[in-house]
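Structure first, commentary second.
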Amino acid sequence: MHGQMMFQPLLISSFIEHAARYHGDTAIISKNTDGTITKTDWTHVAENSKRFANALHSLGLNVSDRVATIAWNNHRHLESWYAISGSGMVCHTINPRLFPEQLIFIINDAQDRVVLFDKTFLPLITGVKAHIPKVEHFICLGAFDQDVANALPEVKFYDVLIAEQPSEFEWPELDETTASSLCYTSGTTGNPKGALYSHRSTVLHTYAICLPDSLNLSAKDVMLPVVPMFHVNAWGTPYAAAMVGCTLVLPGPGLDGASLVQLIDEFKVTQALGVPTIWQGLLLAAKAANSNLSSLKRNVVGGSACPPSMMKAFKDLFDCETIHAWGMTEMSPLGTSNQLKAKHSQLSEAEQFKIRLSQGRPPFGVDLRIADQEKGTDELVRDGHAIGNLQVKGHWIINEYFGKNESALTSDGWFDTGDIASLDADGFLYLSDRAKDLIKSGGEWISSVELENIAMGHPDIAMAAVIAATHPKWDERPIIIAIKIQNSNISEADLLGYFADKIAKWQIPDRVIFVESIPLSGTGKMLKRELREQYGSILLDS
């Protein structure tokens, strides 16, 4: 016997229809590549998404065809998202900060028929064009621009295309398992791999991230997704914003601290989302501008572990709650978010803060386990101490990589994340490290994340990475690659001395190397592989 309820497929087009119908006058504020601000609303975003859906159909595109976007967070990019996925095509967001060789591989692997791009990325497009022969159309996300047309004669312009089309479009009633969007991993080792999301997985993921125990979003919020739309779909926030009808502030290319402080203060942003390197710049810029970020109530930190000192600074200086979250491309990306439970209200502030440092607990829809590192599938006890391989399963977790036609799961159906972690009885996740970043010294494991958090707690350190360096006796030893704050005179001995009462003596790093910059991936993560290549032999050399 079946239940006697209506059935409607879970489709991305329902988000934009809902937003237009019930939140049509809610503002969408977009910073353009030229620095100007465009103010629109959900009604006009919906209308333009339908116009662009008509334009794509006029170009001969069909269901499941891939349409690539190489663009910043702005209103045209947002409109195109709903046009592409809503009409049954696959929205393939591309990270423009990848090496050209990786970008070429991704476009060819996805078999993109169309590439949308912001003018900023015109040199990138002209540089790779000869190597992506299957791309039939290039569309610049803007008005007609003679410079762009001269450099790319066959280019089409977004504003021209949508001006030629009606705002009426009937979103197709697709099977909810139809592919909706495609994101590739960052490809720090080997070629990137594609994660192909469905309408169903995306809608369920969107429900989850809006929950009070996740990102706690509502129509009252003014949300600033600093995380780029090419980084796992800005963690799903453009969909969530339409679902709850909140105001969106899209920052465009200006992700520096000063630009973000200006947007937060001018448009009264209540929640912002980004990686730790972004928030480091924001904290410095807010201090320089004498801003108290008075509207900002919550900031979400993901992509890398949030240093305790940063979390404390947001709370103490700006009365802003930090939500520590964790996930990955293969997970759409939400895996956990850190919201305390009712019983934690009985704890002291220091005890609560300690829990806040974890990556949080999973929402309904995600299950986690810690597996024995040797046996691979034997689950370890959830006591907050046992450490093993972090594995996941759920409604928005990858089953296989795009085009691979082979399972990405363990023999018993879990996805191994490559992280080393522990879980407590409440499901709070404590990441030790990426498996490849753990340091094995004299047969004992050292967490690079823990050492980085200590280093970042020093007031004279702006950024720090800890890597394994080869050692003639201990196999590997930790060393710190650090950036000083401006005008600091901190010495190597000063920073190593700072570790003395914070960690076991044998875990204190052997060296500190001060540098002007640390290489970052396109999503703001520190590229430790490059640091290991450069500094991994420094203890042998000395």
Strictly by modelled atom types, are [X] and [Y] linked by a side-chain donor-acceptor pair under 3.5 Å?
| X | Y | value |
| --- | --- | --- |
| His77 | Asn74 | no |
| Asp437 | Ser448 | no |
| Thr336 | Arg361 | no |
| Ser441 | Glu444 | no |
| Thr69 | His92 | no |
| Thr26 | Asp41 | no |
| Ser295 | Asp265 | no |
| Tyr184 | Gln102 | no |
| Asn32 | Thr38 | yes |

When you measure from the side chain of [X] to the backbone of [Y], do you find a donor-acceptor pair of N or O atoms at a distance under 3.5 Å?
| X | Y | result |
| --- | --- | --- |
| Asn73 | Val227 | yes |
| Asn233 | Gly236 | no |
| His205 | Trp396 | no |
| Glu330 | Ile397 | no |
| Ser491 | Asp494 | yes |
| His324 | Asn338 | no |
| Glu530 | Leu527 | no |
| Thr237 | Ala240 | no |
| Ser488 | Lys484 | no |
| Ser49 | Ser80 | no |

[atom1]/[X] to [atom2]/[Y] distance, rounded to the nearest 0.5 angstrom?
| X | Y | atom1 | atom2 | value |
| --- | --- | --- | --- | --- |
| Leu423 | Leu429 | CG | CG | 5.5 Å |
| Leu539 | Trp474 | CG | CH2 | 13.5 Å |
| Ile323 | Ser214 | CD1 | OG | 8.5 Å |
| Leu248 | Ile29 | CG | CD1 | 9.0 Å |
| Lys193 | Ile398 | NZ | CD1 | 8.0 Å |
| Met328 | Met331 | CE | CE | 7.5 Å |

Side chains of [X] and [Y], heavy atoms from C-beta outward: is any pair under 4.5 Å?
| X | Y | value |
| --- | --- | --- |
| Pro519 | Leu531 | yes |
| Gln271 | Leu215 | yes |
| Pro251 | Leu255 | yes |
| Phe117 | Ile94 | no |
| Trp81 | Ile12 | no |
| Val366 | Leu334 | no |
| Trp42 | Thr247 | no |
| Val244 | Asp221 | no |

Query raised in the report: Considering residues, nucleotides and ligands other than Asp34, do more than 12 of their heavy atoms fall under 6.0 Å from its CG?
Result: yes
Requested in this report: May I ask you to check whether over 12 heavy atoms, not counting those of Lys354, lie within 6.0 Å of atom NZ?
Outcome: no
Going by an N to O cut-off under 4.0 Å, is there a salt bridge joining [X] and [Y]?
| X | Y | value |
| --- | --- | --- |
| Asp426 | Lys343 | yes |
| Glu452 | Lys528 | yes |
| Arg76 | Asp118 | no |
| Asp510 | Arg477 | yes |
| Asp213 | Lys341 | no |
| Glu492 | Arg511 | yes |
| Arg356 | Glu321 | yes |

Requested in this report: Heavy atoms only: give me the nearest Ser332-Val232 pair and the separation to one decimal.
Outcome: C-CG1, 3.6 Å
Requested in this report: Mind running side-chain contact (heavy atoms from CB on, under 4.5 Å) on Val115 and Ile139 for me, showing each step along the way?
Outcome: CA-CA 6 Å; Val115 173; Ile139 300 174; over 6 Å; no
Requested in this report: Have a look at Ile461 and tell me which of Ile480, Ile485, Val512, Ile490 forms a side chain to side chain contact (heavy atoms under 4.5 Å, CB included) with it.
Outcome: Ile490
Report task. Using the side chain to side chain contact (heavy atoms under 4.5 Å, CB included) rule, pick out the option among Leu282, Val261, Leu296, Ile264 that qualifies with Ser291. Result -> Val261
Query - Sequence neighbours excluded - ring pair (Phe, Tyr, Trp, His ring centres under 6.0 Å) pairs with any residue from residues 478-503 - result: His458-Tyr498
Side-chain atoms of residues 300-316: list all donor-acceptor pairs with protein atoms under 3.5 Å, sequence neighbours left out, distances to 0.1 Å.
residue: Ser309; atom: OG; partner: Met456; partner atom: O; Å: 3.0
residue: Lys312; atom: NZ; partner: Asp316; partner atom: OD2; Å: 3.1

Report task. Could you label the plane-to-plane angle of the His231 and Trp235 rings as parallel, tilted or perpendicular, counting under 30° as parallel and over 60° as perpendicular? Result -> perpendicular
Requested in this report: Could you tell me how the ring of Tyr239 sits relative to the ring of Phe15: parallel (under 30°), tilted (30 to 60°) or perpendicular (over 60°)?
Outcome: tilted
Query raised in the report: How far apart are the C-alpha atoms of Lys440 and Asp475, what are their side-chain angles, what is the distance that settles it, and do they pass the salt bridge (Lys or Arg N to Asp or Glu O under 4.0 Å) test?
Result: CA-CA 7 Å; Lys440 195 167 191 178; Asp475 189 22; over 6 Å; no
Query raised in the report: What's the verdict on side-chain contact (heavy atoms from CB on, under 4.5 Å) for Val449 and Asn453, showing C-alpha distance, side-chain angles and the deciding distance?
Result: CA-CA 6 Å; Val449 172; Asn453 285 341; 3.9 Å; yes
**Report entry** CA sep, side-chain torsions, deciding dist, call: Thr470, Glu476, side-chain contact (heavy atoms from CB on, under 4.5 Å)
**Finding:** CA-CA 5 Å; Thr470 304; Glu476 293 178 341; 5.7 Å; no
Report task. May I have the step-by-step check of side-chain contact (heavy atoms from CB on, under 4.5 Å) for Ile387 and Ile370, ending in yes or no? Result -> CA-CA 7 Å; Ile387 294 176; Ile370 302 298; 5.9 Å; no
**Report entry** side-chain hydrogen bond (donor to acceptor under 3.5 Å, both in side chains) between Gln262 and Ser259, intermediate numbers included
**Finding:** CA-CA 5 Å; Gln262 182 180 2; Ser259 296; 5.6 Å; no
